[in-house]
Structures are given as structure tokens and as C-alpha cells.
Amino acid sequence: MQTENGVVMIVDDVPENLALLCDALDEAGYIVSVATDGRSALQRLQHVAPDAILLDAMMPGWDGFETCERLKADSRWSDIPVLFMTGLTETEHVVRGFASGGIDYVTKPINPEEVIARVAAHVSTARRLEEARASKQRIEPIIHPTRAENLTQREAEVLNWLAKGKTNRDIAEILGMSPRTVNKHLEHIYVKLGVETRTAAASIARERLVPTPA
């Protein structure tokens with residue numbers, strides 16, 4: 001039996017689509033929340049914030065584009081990845097979907113395997129970004145560049161995360177740079193600290209760290 005992978009909201013007014021997607025997502029280990037129109041979708045969001053939303057582009061009342069614009073306008077839900085489901089593949093409709101806040105789209109008729117793959121990818125990315133943001137909020141850089149061997153601000157940030165056991169790839173993701181750039185910063189840090197390894201640099205950094213309350 002598969003483990004729970006998160007919560008996915010499906011917003012669609014076609015029962016057949018709902019049944020198909022509910023079965024596929026349930027089989028893949030997701031909890032499913034269902035809404036049949038834009039208004040009820042926003043009402044449901046008051047009670048549960050899903051990890052991703054599958055949103056039909058064409059619905060009575062608010063269409064998918066307006067629904068997406070409304071939910072993205074609320075900071076509580078603006079980071080939830082929205083994937084449009086549509087039979088409209090003309091460029092103007094695709095562009096409108098992204099402009100309204102959508103992150104991806106799947107075309108009808110729905111291919112459940114494709115939907116699951118796309119949902120999994122976007123949920124994983126969203127969670128990594130959230131973890132990175134949470135880490136930056138919990139741990140503030142406390143090695144000041146002007147008091148640490150003339151390190152630049154960026155080098156000080158890299159050194160802080162190095163001292164907390166992060167890999168180059170982790171640091172790159174947290175600070176929004178490439179692993180190659182992280183490596184370049186580390187080369188400069190080693191020279192300025194007079195060390196040759198990341199272990200030695202991390203040791204020096206930890207001696208200067210002051211615990212920050214969570």
C-alpha cells in the first residue's frame with residue numbers, strides 16, 4: 001500500500017473527469033479534495049490547503065483562469081502549484097493560463113499517468129522551496145562579513161550554511177545560485193581563512209557561530 005504523498009484538490013464540473021482523477025490520485029497515495037466550480041474551490045481552501053490544484057480551464061461561473069487569479073491574489077494560497085486541465089491548446093489560452101498564475105497544464109482527454117507525474121514533480125519542487133524558506137527564517141546568518149577575514153556578504157552566507165552541514169547543492173538551492181558558483185565562493189573562503197578543506201572551514205565557522213533561537 002502506498003504512503004500518503006499529500007493533498008491534491010481537483011476542480012472540475014465533469015463527473016467522469018473527477019472519477020478518473022480521484023481513482024488515479026488515490027492509487028498514487030494522495031488524499032483528494034474535490035470542488036465542482038471556482039467558488040466552492042475557494043471555500044474549500046478555507047479549510048484545507050492542498051499541495052497542488054488540478055484546475056479545469058472551462059467551467060460555468062468563474063472559469064479556471066479567473067479562479068486561479070483569485071486564489072493567487074490571496075497570500076495564504078499563492079504558493080500552491082496550479083496545473084490547468086484543458087482542451088484549449090491554442091497559444092493564447094496557454095499564455096493566459098500561465099499569466100493567471102498556473103505553473104503547468106495537461107491537455108484533455110486526461111492521461112492519468114501524465115497527471116500523476118506532473119503533480120509529483122511540482123509538489124516536490126514546492127516542498128523544497130518551502131523547506132529552504134523555512135530554514136532561512138529559522139537560522140539567520142551570524143558571521144558578519146566585515147568581522148570574518150574580509151569575507152563578502154555572499155561568502156559569509158555560504159560559510160554559514162557550510163557550517164550547518166549543507167552540501168554544495170543544498171547551499172545552491174537555498175541561496176539561489178549554481179553549485180559551480182558555490183564552489184567558487186568556497187575557493188575564496190578557503191584562501192581567506194587559510195585552510196584547504198571544507199571541514200576545516202566549517203570548524204572555524206562553527207567556533208564563531210552563536211545559536212539563534214528557533
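All values below come from the heavy atoms of this structure, side chains included, with hydrogens, waters and symmetry mates left out. Residue indices begin at 1 and follow the sequence shown.
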| field | Residue pair V106, N111: steps toward the side-chain contact (heavy atoms from CB on, under 4.5 Å) verdict | value | CA-CA 8 Å; V106 292; N111 180 326; over 6 Å; no

| query | Is there a side-chain contact (heavy atoms from CB on, under 4.5 Å) between I204 and V195 once you walk through the steps? | reply | CA-CA 9 Å; I204 290 175; V195 299; 3.5 Å; yes

| task | Apply the test salt bridge (charged side-chain N to carboxylate O under 4.0 Å, His left out) to residues E187 and K184: give CA-CA distance (whole Å), side-chain angles for both, the deciding distance (0.1 Å), then the verdict. | result | CA-CA 5 Å; E187 290 176 3; K184 268 298 185 190; 3.6 Å; yes

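Judged as a side chain to side chain donor-acceptor pair (under 3.5 Å), and not counting sequence neighbours, the contacts of R76 are Q46, D74. Residues meeting the side-chain contact (heavy atoms from CB on, under 4.5 Å) test with T197, sequence neighbours left out: T199, A200. In terms of the side-chain contact (heavy atoms from CB on, under 4.5 Å) criterion, residue partners of S124 (sequence neighbours excluded) are, by chain and number, R128. Partners of R118 under the side chain to side chain donor-acceptor pair (under 3.5 Å) rule, at least two apart in sequence or in another chain, are D104, E114. Residues that satisfy the side chain to side chain donor-acceptor pair (under 3.5 Å) test with D63, not counting sequence neighbours, are absent from this structure. Legend: residues meeting side chain to side chain donor-acceptor pair (under 3.5 Å) with E113, ordered by chain and number and at least two apart, are absent. In this structure, the side-chain contact (heavy atoms from CB on, under 4.5 Å) partners of A202, at least two apart in sequence or on a different chain, are L162, R206. Qualifying side-chain contact (heavy atoms from CB on, under 4.5 Å) partners for L18, counting only residues two or more places apart in sequence or in other chains: I10, D12, V34, T36.
When hydrophobic residues (I, L, V, M, F, W, Y) are linked wherever their side-chain heavy atoms come within less than 4.5 Å, V95 remains an isolated member. Cluster partners of F98, by chain and number: M9, V11, L42, L45, I53, L55, M59, W62, F65, L71, W77, I80, V82, F84, V94, Y105. The rule joins Ile, Leu, Val, Met, Phe, Trp and Tyr whenever side-chain heavy atoms lie under 4.5 Å apart.
The hydrophobic clustering, which links ILVMFWY residues whose side-chain heavy atoms are closer than 4.5 Å, places L20 and V14 apart. The same ILVMFWY cluster, assembled from side-chain heavy atoms under 4.5 Å apart, contains both V115 and V32.
Note that CG of N168 and CG of N183 are 5.5 Å apart. Values are rounded to the nearest 0.5 Å. Here the CG-CG distance, from D79 to L129, works out to 8.5 Å after rounding to the nearest 0.5 Å. Put simply, CD on E155 and CD1 on I189 are 5.5 Å apart, with the number rounded to the nearest 0.5 Å.
Here the shortest heavy-atom pairing between P112 and A24 reads CB-CB, 3.7 Å. In plain terms, the two heavy atoms of S75 and S78 that are nearest each other are O-OG, 3.4 Å. Taking each heavy atom of R198 and L186 in turn, the nearest pair found is NH1-CD1, 3.7 Å. Across all non-hydrogen atoms, the minimal contact from S33 to R44 is OG-CD, 3.9 Å. What you find for S40 and A35 is that their closest heavy atoms are OG-CB, 3.6 Å.
Within the 4.5 Å cutoff, side-chain heavy atoms of I110 are placed close to those of M85. Between E157 and I174, the closest side-chain pair of non-hydrogen atoms is not below 4.5 Å. Proximity of L159 to L193: side-chain heavy atoms (C-beta onward) are separated by under 4.5 Å at one or more points. Using a 4.5 Å heavy-atom cutoff, the side chains of R39 and T67 are not in contact. The shortest side-chain heavy-atom distance between D51 and V8 does not fall under the 4.5 Å cut-off.
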Show me the donor-acceptor pairs within less than 3.5 Å that the side chains of residues 175-182 make with the rest of the protein, sequence neighbours left out.
from: S178; atom 1: OG; to: T181; atom 2: N; distance (Å): 3.1
from: S178; atom 1: OG; to: T181; atom 2: OG1; distance (Å): 2.9

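The existence of a salt bridge linking E92 and R96 is excluded, since no basic side-chain nitrogen approaches an acidic carboxylate oxygen closer than 4.0 Å. Between K72 and E69, none of the side-chain N atoms (NZ, or NE/NH1/NH2) sits under 4.0 Å from a carboxylate O, so this pair counts as no salt bridge.
Counting only distance, with no hydrogens or angles, the side chain of D26 and the backbone of C22 share no donor-acceptor pair below 3.5 Å.
Every pair tested for ring-ring contact (aromatic ring centres under 6.0 Å, His included) that includes a residue from residues 165-193 fails, sequence neighbours excluded, so the list is empty.
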